[in-house]
Amino acid sequence: MRLAHTVTNGISGILLNGRLRAYLAILVVGSGARVFGLASQFVVLMILSRFLTKGSFGDLMTAFGFYRLAGVAIGVGGSLVLLFHVSRHRDDHRAEIRLQRFSALVGAIPSGALALATVIAAGPIAAALGKPSLAGWLQQLAPFLLFSTLLVITTGALEGRSRVAESIFWGEVAPNAVRMVLLPIVFVLKLPDAFVAHVLTLSVLVPWLLLARRMINGDVGGWQRWSRWDYNYCGKFVVATLFANQLGAVDIVIASVLFPSATVADYAVAARLAALFTFFEQALLKRFAPRAGRLLQIKDEAGLHREFDMCRRLAIGCVALTTAGVLLSAPILLPLLGNYLDARTLLLWLAIPSFVAAFYATSDRLLIIAGQANVALVVTASSFAILLASPFVTARWLGPVAIPAAMILAIAVVNPLVAVRARQLVGVSTFHWLDAILMACGSVALAAAAVAGTYLSAAVACAMLAAIGAYYVTTALSRSSGEDYDNSLIF
């Protein structure tokens with residue numbers, strides 16, 4: 001009885017802790033939204049892969065990957081400017097609306113110009129890659145670039161106010177829901193393939209129009225121009241994001257240059273599933289960023305260290321557990337998409353860079369919200385250079401595995417700079433000796449499973465990741481017990 005009472009009190013103390021409760025809340029709410037987004041995304045992927053030929057699907061993924069990369073790269077600058085300012089001055093709603101208007105304008109001009117230039121150059125681009133049907137997808141999908149950029153910018157204001165669940169809903173769930181509703185209509189009515197591109201454009205246009213109503217406020221006039229620092233901060237992160245969006249964007253473009261469309265389709269499916277590895281991590285980091293910005297503003301160093309440690313452990317644990325779950329589900333999911341079972345090996349290789357990056361993710365987000373754009377630029381540019389150069393050298397021996405191999409090399413060589421700078425800036429520790437051991441164990445297990453190619457080896461790797469994830473989540477829970485938490489800084 002005494003033991004049961006002690007355990008009960010311990011669990012109650014953990015669950016009642018404000019810091020953990022805040023993270024669990026965003027995991028439950030945000031992840032609930034993401035689960036719907038995941039289900040709808042899977043349905044969309046299944047529809048596209050079954051109703052388009054494998055070659056056409058590969059070309060569509062190439063065009064979509066290019067525009068997705070460009071839209072996120074251009075939009076993230078304005079989004080981070082909003083996040084930086086709104087998280088520090090969350091009570092000034094008038095300034096937020098004016099700043100959001102100007103940020104949308106700053107994003108619309110370059111994205112619109114790039115979309116128009118791509119439409120004009122679509123023919124020569126497709127001819128240079130030896131993929132004639134790619135030209136049509138590049139032309140039809142061009143408006144997607146403009147509205148996806150505006151949607152990314154608008155979600156930055158929501159995240160600055162810690163409305164992370166809403167940001168996930170409008171940025172991820174709503175677009176997938178529109179696609180899931182409209183794509184079956186396109187195929188039932190046997191409309192031309194071009195309507196697939198129109199549906200993808202509507203999927204980002206509709207959510208942005210609904211969010212943009214906040215900017216149309218007659219009581220708040222004008223806009224708030226960016227300062228020189230804002231332009232500098234934005235510009236560096238536009239370039240950094242262009243370099244950083246390697247999974248499901250740059251990698252697909254590289255694959256389309258090196259391999260035939262059928263291989264690109266296999267890789268695109270693996271990359272889309274691999275994006276799920278950070279499924280819960282992204283929600284946690286979205287929750288951490290505005291909180292860290294506020295703690296930096298009020299110079300609460302002790303609170304920042306506790307917040308950092310909590311988020312770091314939960315992020316690593318969630319990535320490890322999610323990766324194990326996705327890999328265990330892959331033999332069931334891949335056949336549902338069509339003839340894509342060969343993508344399983346690529347998925348195992350892609351799990352390694354996602355797993356290793358989880359150890360650095362919280363430090364990276366801390367540097368971003370602290371305004372340390374130079375570090376992000378150096379890290380992402382260096383990793384991009386490795387990804388861009390390495391596959392062209394190793395593809396003849398490794399085949400499509402050359403792309404995840406380049407990602408692994410880039411993270412191992414470049415990302416330690418993030419840990420060093422985070423320690424210099426606020427004294428937080430990204431790594432301890434046990435972290436390095438567990439990272440190595442998980443990576444080796446995944447590599448062995450990819451080489452062996454058996455279900456047993458994959459199950460062993462998943463068990464290893466599950467054990468690592470359980471350790472980090474458990475330690476996060478135990479360390480949070482009994483802490484006080486100031487929710488006024490969040491809500």
Side-chain angles (χ1 to χ4, degrees), residues 37-38 40-76 111 114-115 117-119 121-122 125-126 129 131-152 171-172 174-180 182-183 186-187 192-208 241-242 245-257 259 261-276 337-338 340 343 350 403:
L38 167 62
S40 58
Q41 183 178 352
F42 180 75
V43 171
V44 167
L45 195 61
M46 186 167 59
I47 292 172
L48 290 175
S49 63
R50 287 193 174 275
F51 286 93
L52 296 176
T53 65
K54 199 167 185 179
S56 181
F57 176 70
D59 291 337
L60 170 62
M61 289 295 98
T62 299
F64 182 77
F66 168 73
Y67 284 129
R68 177 176 174 271
L69 168 65
V72 172
I74 297 173
V76 77
S111 62
L114 179 58
T118 306
V119 168
I125 292 172
L129 294 175
K131 304 176 187 295
S133 64
L134 179 61
W137 290 119
L138 287 174
Q139 292 172 340
Q140 299 295 338
L141 270 175
F144 174 86
L145 171 57
L146 172 62
F147 296 112
S148 64
T149 300
L150 293 173
L151 182 59
V152 170
E172 300 178 29
N176 281 308
V178 173
R179 295 165 196 165
M180 189 169 62
L182 295 183
L183 281 176
V186 170
F187 293 114
D193 288 352
F195 278 81
V196 173
H198 302 330
V199 168
L200 294 177
T201 298
L202 285 173
S203 70
V204 289
L205 171 60
V206 172
W208 177 73
T241 303
L242 182 64
N245 272 267
Q246 297 168 10
L247 182 63
V250 174
D251 55 346
I252 294 180
V253 176
I254 294 173
S256 69
V257 175
F259 308 110
S261 295
T263 303
V264 175
D266 282 333
Y267 183 86
V269 168
R272 294 299 288 174
L273 289 178
L276 303 177
L337 298 174
Y340 293 102
L350 288 170
I403 298 177

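Reckoned from all heavy atoms, side chains included, excluding hydrogens, waters and symmetry mates.
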Gln139 and its side-chain contact (heavy atoms from CB on, under 4.5 Å) partner, picked from Thr118, Leu134, Val119: Val119
From CA spacing to verdict: side-chain contact (heavy atoms from CB on, under 4.5 Å), Ile254, Asp251: CA-CA 5 Å; Ile254 294 173; Asp251 55 346; 5.6 Å; no
Minimal non-hydrogen separation, Ala174 against Pro207, with atom names: CB-CG, 3.8 Å
Any residue meeting ring pair (Phe, Tyr, Trp, His ring centres under 6.0 Å) with Phe144, in chain and number order, not counting sequence neighbours: Phe64
side-chain contact (heavy atoms from CB on, under 4.5 Å) between Phe66 and Ile125, intermediate numbers included: CA-CA 12 Å; Phe66 168 73; Ile125 292 172; over 6 Å; no
Student check: side-chain heavy atoms of Leu60 and Leu200 closer than 4.5 Å: yes
Beyond-backbone contact of Ser56 with Trp137, side-chain heavy atoms, under 4.5 angstrom: yes
Student check: side-chain heavy atoms of Val196 and Phe187 closer than 4.5 Å: yes
Considering all heavy atoms, the nearest Ala122-Leu138 contact: CB-CB, 4.0 Å
Non-hydrogen side-chain atoms of Val199 and Met180 separated by less than 4.5 Å: no
Taking every non-hydrogen atom, the tightest pair across Gly71 and Ser148: CA-OG, 3.9 Å
Non-neighbouring partners of Ala177 that pass side-chain contact (heavy atoms from CB on, under 4.5 Å), sequence neighbours left out: Phe36
Student check: side-chain heavy atoms of Pro143 and Leu205 closer than 4.5 Å: no
Smallest separation among heavy atoms of Gln140 and Thr201, with atom names: O-OG1, 4.4 Å
Which atom of Leu151 lies closest to which atom of Pro175, heavy atoms considered: CD2-CG, 4.1 Å
Partners passing side-chain contact (heavy atoms from CB on, under 4.5 Å) against Leu146 (at least two apart in sequence or in another chain): Ala108, Ser111, Leu150
Minimal non-hydrogen separation, Leu141 against Ala63, with atom names: CD1-CB, 4.0 Å
